[in-house]
Protein chains: 2
Amino acid sequence: MAAENSLNIGALAKATGTKVETIRWYERVGLLPAPARSAGNYRTYAEAHLGRLSFIRRARDLGFSLDQIRALLDLAEDRDRSCDAVDLIAREHLDEVDRKIADLQALRQELDALISQCRHGSVSECRIIEALAPSAG
Amino acid sequence: MAAENSLNIGALAKATGTKVETIRWYERVGLLPAPARSAGNYRTYAEAHLGRLSFIRRARDLGFSLDQIRALLDLAEDRDRSCDAVDLIAREHLDEVDRKIADLQALRQELDALISQCRHGSVSECRIIEALAPSAG
DNA sequence: CTTGACCCTGTAGTGACTACAGGGTCCATG
DNA sequence: CATGGACCCTGTAGTCACTACAGGGTCAAG
């Protein structure tokens, strides 16, 4: 288990399902530590980078913001600390997701009501346009 | 019906619940036509602007993109045309909202499962961190 | 030694605003 | 008539999380 499992950026991208540009972006914003460079100035990633990037991608898939992920990664480093702070971040995110779902469902209802009124006539008698305009001139 | 009900940008903002900067932004991107200017170079809005901006805001509240709104406004101008194209835009938007709701609900479930595993111990045995990391090193 | 896939940096674009900075205008007071 | 403060102007940069170039350099196969 020596240097044989080191990856260049393309291999890391493939291994994690991330675009190359996105990996460079995570480095720029300090989420992924800058890796060693090869003689030709190529980024050379180790196992630890793969783990960290997988963590980031999984958290992104779950809708955490990069700031939240940064906080989670910081917390994860302090192995002896209580994980209540981690739990809090996850709960806050869950609350936000719940709010978004509720908002979208309310919006969906309005939209559905709008569409169900369409009589497929001309625009001048279009209920959708009417409903959007407050007092047509 | 003379010039007495013309508005400056602040009054239009108040009347429509829009920020002044947002109104200027809509003008810049061609959603709201550039109004006449006063002697002191202030924007001077007429009734038509109020109607159009109200339409834009209402459509935004319903989650339509500015591109979609642009299309709706274009269609609304052609009073004799069939409103099927309007209906189509609205239906496509509804489908997108449905997809977003489904995505968020799936995400919500995963997140909920994650959180319910928290035993409030130390980070080193944190299920949330574990679930995010694929194979901790 | 050339080809083509890969890598590098740096900058600009996305959507829909928001937030200044650094000025000008208007109007009601004193 | 001067002053103060609320309003308005333009232009630019910032937000979030990337994405997409442009214009180069590196590397391995043939």
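All of these numbers come straight from a predicted model, not from anything done at the bench. All chains are named by letter (A, B, ...) in the order of the sequence lines, taking the proteins before the strands, and each is independently numbered beginning at 1.
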Rounded to the nearest Å, what distance is computed from the [atom1] atom of residue [X] to the [atom2] atom of nucleotide [N]?
X	N	atom1	atom2	value
A:Arg28	D:dT15	CZ	P	12 Å
A:Phe64	D:dC18	CZ	P	15 Å
B:Ile9	D:dA6	CD1	P	19 Å
A:Glu21	C:dT11	CD	P	17 Å
A:Lys14	C:dA5	NZ	P	13 Å
A:Ile69	D:dC18	CD1	C1'	13 Å
B:Leu12	D:dC9	CG	P	11 Å
A:Asp61	D:dC18	CG	C1'	14 Å

Would you indicate what [X] reaches in the nucleic acid, counting non-hydrogen atoms under 4.0 angstrom: base, sugar-phosphate, or nothing?
X	result
A:Arg24	base
A:Arg70	nothing
B:Tyr26	sugar-phosphate

Of the nucleotides [options], which has the atom closest to the [X] side chain?
X	options	answer
A:Arg57	D:dC9, C:dC17, D:dC18	D:dC18
A:Arg60	C:dC7, D:dA20, D:dA17	D:dA17
B:Tyr42	C:dC26, C:dC7, C:dT9	C:dC26

Could you grab the distance from atom CZ of B:Arg119 to atom CZ of B:Arg127, nearest 0.5 Å is fine?
6.5 Å
Any chance you could measure A:Leu132, atom CG, to B:Arg60, atom CZ, to the nearest 0.5 Å?
13.0 Å
Ionic contact status for B:Glu77 with B:Arg52, cut-off 4.0 Å
yes
A:Asp103 and A:Lys100 ion-paired at < 4.0 Å:
no
Bend of the helix from C:dC1-D:dG30 to C:dG30-D:dC1 from end-axis comparison, five pairs per end, nearest 10°, comes to 30°
Non-hydrogen side-chain atoms of A:Arg58 and B:Glu110 separated by less than 4.5 Å
yes
Both B:Leu66 and B:Asn41 contact DNA chain C. Taking the nearest nucleotide for each, which residue is further toward the 5' end?
B:Leu66
With sequence neighbours excluded, what pairs up with B:Thr16 under the side-chain hydrogen bond (donor to acceptor under 3.5 Å, both in side chains) test?
B:Thr18
Under-4.0 Å side-chain N/O to phosphate OP1/OP2 contact, [X] with [N]:
X	N	result
B:Lys19	C:dA16	no
A:Asn8	C:dC7	yes
A:Arg37	C:dC7	no
B:Thr22	C:dT18	yes
A:Arg43	C:dT9	yes

Using heavy-atom distances to pick each residue's nearest nucleotide on DNA chain D, tell me which of A:Trp25 and A:Ser38 is more 5'.
A:Trp25
Could you work out, with ring pair (Phe, Tyr, Trp, His ring centres under 6.0 Å) as the rule, every residue matching B:Tyr26, not counting sequence neighbours?
none
More than 12 heavy atoms of other residues, nucleotides or ligands under 6.0 Å from CZ of A:Arg28: yes or no?
no
